[in-house]
Protein chains: 2
Amino acid sequence: MTTDFKRPLVTVDVLIFALLDEALKILLVRRPDEPGDPFPGRWALPGGFVDVAKDRSLQDCAVRKLREKTGVRTPYLEQLGSWGDAERDPRGWSATHAYFALIDAPQRAGADTGAADAQWIQVDEAARKRLAFDHSQILAAALERLRGKVEYTSLPAFLLSEPFTLPQLQHVYEVVLGRPLDKSAFRKRMLDAGFLQEAGMVDGPFGRTAMGYGVIDRQQFAVFPRTFKTKP
Amino acid sequence: MTTDFKRPLVTVDVLIFALLDEALKILLVRRPDEPGDPFPGRWALPGGFVDVAKDRSLQDCAVRKLREKTGVRTPYLEQLGSWGDAERDPRGWSATHAYFALIDAPQRAGADTGAADAQWIQVDEAARKRLAFDHSQILAAALERLRGKVEYTSLPAFLLSEPFTLPQLQHVYEVVLGRPLDKSAFRKRMLDAGFLQEAGMVDGPFGRTAMGYGVIDRQQFAVFPRTFKTKP
DNA sequence: TCAATAGTGTCTATTAGACAATATACT
DNA sequence: AGTATATTGTCTAATAGACACTATTGA
């Protein structure tokens with residue numbers, strides 16, 4: 001019978017990004033500090049084995065893990081890729097399916113996770129850490145994908161709670177890209193892309209009140225016809 | 001022990017694309033016609049179980065299957081994504097890792113596969129077939145990714161054997177996109193992108209001889225700053 | 001010479017970005 | 001009024017696409 005092959009371990013890992021304190025952060029967890037477990041005490045991506053009884057699909061599994069860690073039920077969720085080889089897990093040949101999620105900033109950063117073993121960490125700092133398994137490599141891939149897509153898609157909108165204003169959205173772009181953008185060109189681009197719908201005026205602490213917006217489809221991002229121009 | 005979970009089946013499937021007879025084709029195989037196997041006699045993507053003894057990694061597994069089917073050893077290979085749920089394989093909870101490969105046209109189409117159970121099929125025709133497992137869904141995703149990327153990357157260059165000329169490359173773009181492109185704009189774009197290197201003059205059957213080119217890095221594609229403009 | 005294809009030049013419509021000007025909020 | 005922010009308008013430089021023109025091959 002063909003299913004008699006020795007089966008690899010199958011896991012799902014989730015890269016959960018949010019904007020906290022003006023910075024892009026990712027939720028990491030500490031590996032349990034027990035001798036039986038691999039990488040004890042090391043920071044890692046939240047994740048774990050697929051439960052063939054509980055999880056109807058890989059995506060379901062990712063959603064479950066996200067909900068367990070953050071309580072968020074309807075994030076923007078995208079598959080990042082899979083990593084599988086004989087070496088990445090000392091317990092044996094294993095394959096992990098990585099998803100990345102963009103959520104709006106949780107009100108109380110640590111409290112949402114319910115546990116002290118989870119923590120929001122700035123992405124650059126996380127990228128410098130030596131994470132468990134091949135998670136550093138996976139994080140690097142996620143950041144590359146995210147920063148790449150921010151250049152030509154509406155992804156950053158998923159990091160804001162609605163309604164948000166265009167200046168707020170621009171600020172998110174600037175934080176993720178690490179460079180300032182022109183106000184006028186930015187507005188034209190966002191409005192022309194047609195993924196926003198007006199949601200009434202909102203007023204901030206100072207100055208003129210601004211139009212609030214929400215995204216029309218929270219599962220789908222808009223694609224711009226060009227990337228943002230790099231200053232000469 | 002945490003590894004006592006019931007493990008899903010793990011497979012790898014490969015979407016192998018090539019340009020044959022002026023059309024984009026994909027290599028499909030027939031499922032064995034034995035009663036024990038799922039989807040007997042149905043067309044499917046080439047692939048199979050990960051062999052934890054033979055395969056050092058998922059990518060290795062994909063390369064192995066590609067080589068077994070086509071003899072090609074150095075294709076452009078990119079991970080497409082993974083599909084896993086309780087229903088897709090009647091033998092049990094299974095997860096497949098899909099890779100897509102772009103290869104230059106094999107000299108003798110059928111012969112390379114060595115077997116009559118494999119066949120090059122036009123992508124549109126393949127997309128209309130009811131393939132085994134969820135392979136129709138995977139093929140649809142691959143075509144969407146491929147056609148999407150052709151709009152703003154140098155991917156089609158991997159479908160040609162080197163050296164190739166710019167008119168040949170333009171023709172590949174036109175076949176995959178299904179619409180004509182302007183010669184002058186096309187050349188400017190390709191040459192400015194800087195992924196080509198000159199490789200001596202090549203002469204075709206008629207007309208003026210043309211400059212031959214090769215890609216500088218066969219693992220990496222170039223990204224253009226804009227998509228091709230859609231006619232108004 | 002012609003036919004066929006490769007490669008270049010010129011023009012124009014479009015538009016992203018720079019930046020100035022105006023509008024609206026709060027104190 | 002004055003300050004702070006949002007929004008709109010104008011100008012300009014860059015450039016993709018349209019298309020005509022020139023160049024080079026073989027017959």
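All values derive from a computational prediction rather than experimental measurement. Residue numbers begin at 1 in each chain, while the letters A, B, ... track the order of the sequences.
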* To do: May I ask you to verify whether the side chain of A:R208 and the base of D:dA4 hold a donor-acceptor pair under 3.5 Å?
  => no
* **Neighbour count >12 (heavy atoms, 6.0 Å) for atom CZ, B:R218** => yes
* A:L177 CG to C:dG17 C1': how many Å, rounded? -> 16 Å
* Would the number of heavy atoms belonging to other residues, nucleotides or ligands and lying under 6.0 Å from CZ of A:R56 be above 12? -> no
* **Donor-acceptor contact present, side-chain A:S136 to main-chain A:R128, <3.5 Å** => no
* Specify the separation, in whole Å, of atom OH of B:Y173 and atom C1' of D:dA16. => 16 Å
* Over how many whole Å does the gap from A:L181 atom CG to C:dA18 atom C1' extend? -> 13 Å
* To do: Would you indicate which nucleotide in D:dT7, D:dC19, C:dA18 comes nearest to any side-chain atom of A:K183?
  => D:dT7
* Asked: Toward the 5' end of DNA chain C, which comes first, B:G207 or B:Y213, by nearest nucleotide?
  -> B:G207
* **Contact under 4.0 Å: B:R189 side-chain N or O vs D:dA16 OP1/OP2** => no
* To do: Decide yes or no for A:H97 and B:H97: does some side-chain heavy atom of the first lie under 4.5 Å from some side-chain heavy atom of the second?
  => yes
* **Sugar-phosphate only, base, or nothing, as touched by B:R187 at under 4.0 Å among non-hydrogen atoms** => base
* To do: Report the distance from atom CG of B:D203 to atom P of C:dA3, rounded to the nearest whole Å.
  => 22 Å
* Asked: Roughly how many Å is it from CZ in A:F164 to C1' in D:dA6, rounded to a whole number?
  -> 16 Å
* To do: Could you state the atom-to-atom distance from CZ of B:R226 to P of C:dA16 in whole Å?
  => 8 Å
* Under 4.0 angstrom, heavy atoms only, what part of the nucleic acid is B:A210 near: base, sugar-phosphate, or nothing? -> sugar-phosphate
* Spacing between A:H171 atom NE2 and D:dT5 atom P, to the nearest angstrom -> 12 Å
* **5' priority, DNA chain D, between A:T209 and A:D182 [closest heavy atom]** => A:T209
* Can you tell which of A:F228, A:Y152, A:F164 makes a ring-ring contact (aromatic ring centres under 6.0 Å, His included) with A:Y173? -> A:F228
* Assess whether one donor atom and one acceptor atom, taken from the side chain of A:K188 and the base of C:dT15, lie less than 3.5 Å apart. => no
* Once you round it to whole Å, what is the distance between P of D:dT7 and CG of A:L166? -> 6 Å
* Out of D:dG17, D:dT7, C:dA16, which nucleotide sits closest to the side chain of A:P167? -> D:dT7
* To do: Please confirm whether any donor atom in the side chain of A:S184 sits under 3.5 Å from an acceptor in the base of D:dG9, or the reverse.
  => yes
